[in-house]
Amino acid sequence: QKDGYRFFMEKEIYEQSRVMSETMMGRVLDKGIEFEELSNDFFNGINAIKICACGTSYHSALAAAYLFERIAKIRCDVEIASEFRYKEPLLTQDTLFITISQSGETADTLEALKMAKGAGLKSLSICNVDNSSIVRESDAAILTRAGIEKGVASTKAFATQTMVLWMLALYVGQQKNSVPTELLAREINAMLHTPKALIVTDTLHTKLHRLSKRYLHGHGFFFIGRDIFYPLALEGALKLKEISYLHAEGYPAGEMKHGPIALADSELFTIALMPKSMHYEKIKSNVEELSARDATICAISSVPFDLADDFIKTQYDSHPMLEFFEMMVVTQLLALEISVRLGNDVDMPRNLAKSVTVE
Ligand code: M6R
């Protein structure tokens, strides 16, 4: 049931605040993070993390790599499952192999997991479906508690995956005693504020509905961001292309000048993720360069930006992850509104299936 929403995807975007609280329940405590799914010695002997996933789950993995290295001080690299399988990777047994999957049935991710297990690696899955193939195949699993996701375009699964990975980064840091008390308190405090940052207000939704009409035509979109906002840019672009069939790319903002800026003109739509709490001045100068070449700029930020053609003001800027989740909602709703205007089937986009069980 859509419960009065036009589409399952819309309903799922609105559910994100609640499912985020559920995902944290019993896990985010004042004193730190607890996972009853993991034994106390689970991370013993682990010195590195490798994550494999596909699509949106791959994007949450990319964001996690920044968090694992920054918070837990553990080496983390990420690979697309279908690439990992055939590259004859060199694996060492001090590496924890993490798979991320909403469905738990994605063929490439499952096969990557089997390969890593064959090489003797310990495995952990982050999954939305209990008892799925990937969960059953893993040494341990953390469930994302997003509830059933029906929209083919993943929204709440991405949000809860990213939350679990952020919690896990802090957990690993605790286990390895690499998280200073002040940092622990700051992260926990930000986590507890996350559900607020995910609430969809009428003002925001109406604004995105109005401005979406500007973005139906043109050469395409660049979503740009830096640091963890780069994976979010990739995810924003994927959402838009999946349901609107418009060409969209996610790019690290600092890379634009190394080629893609050649595309800039007024029909190049740039969705700029400009968090106040992370490298603001750097991204600002990247966006200024695009604006100087006449690109149409839609800036998402809590800081007013004079050169923006459209400006979407965010509210929660005390921590990068709060800005991350609030901007995530903006990009999801923008994709939804553009798709609706184009008359597309938001929940069942052409050529796509919810679960990809073939290679
Ligand atoms: O179930 P999984 O998370 O393993 O699925 C991976 C991808 O197929 C999936 O994220 C896909 O990219 C979605 N359509 C994204 O919206």
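Nothing here was measured: the structure is a model prediction, and the numbers come from that model. Atoms within each ligand, like the ligands themselves, are counted from 1 in listed order.
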Exercise. May I ask you to say whether D227 pairs ionically with R70, meaning some side-chain N is under 4.0 Å from a carboxylate O?
Key: yes
Quiz item: Which atom pair, heavy atoms only, marks the closest approach of E37 to R27?
Solution: OE2-NH2, 2.8 Å
Self-check item: Test item: side-chain donor near acceptor, S60 and Q161, under 3.5 Å
Solution: yes
Quiz prompt | Heavy-atom pair of closest approach, residues I148 and K156 | solution = O-NZ, 3.0 Å
Which protein N or O atoms sit under 3.5 Å from any N or O of ligand 1? Give atom names and distances.
from	atom 1	to	atom 2	distance (Å)
ligand 1	1 (O)	S101	OG	3.4
ligand 1	1 (O)	Q102	N	3.4
ligand 1	1 (O)	S103	N	2.8
ligand 1	1 (O)	S103	OG	2.7
ligand 1	1 (O)	T106	OG1	3.4
ligand 1	3 (O)	S57	OG	2.6
ligand 1	3 (O)	Q102	N	2.7
ligand 1	4 (O)	S101	OG	2.6
ligand 1	4 (O)	T106	OG1	2.5
ligand 1	5 (O)	T106	OG1	3.4
ligand 1	10 (O)	T56	N	3.0
ligand 1	12 (O)	T56	N	3.4
ligand 1	14 (N)	V152	O	3.1
ligand 1	14 (N)	E242	OE2	2.5
ligand 1	16 (O)	T56	OG1	3.3
ligand 1	16 (O)	S154	N	2.8
ligand 1	16 (O)	K239	NZ	3.0
ligand 1	16 (O)	E242	OE1	2.7
ligand 1	16 (O)	E242	OE2	3.1

Practice problem: For residues F84 and F97, establish whether the separation of their ring centroids is below 6.0 Å. | Solution: yes
Self-check item: Salt-bridge contact R6-E337 (side-chain N to carboxylate O under 4.0 Å)
Solution: yes
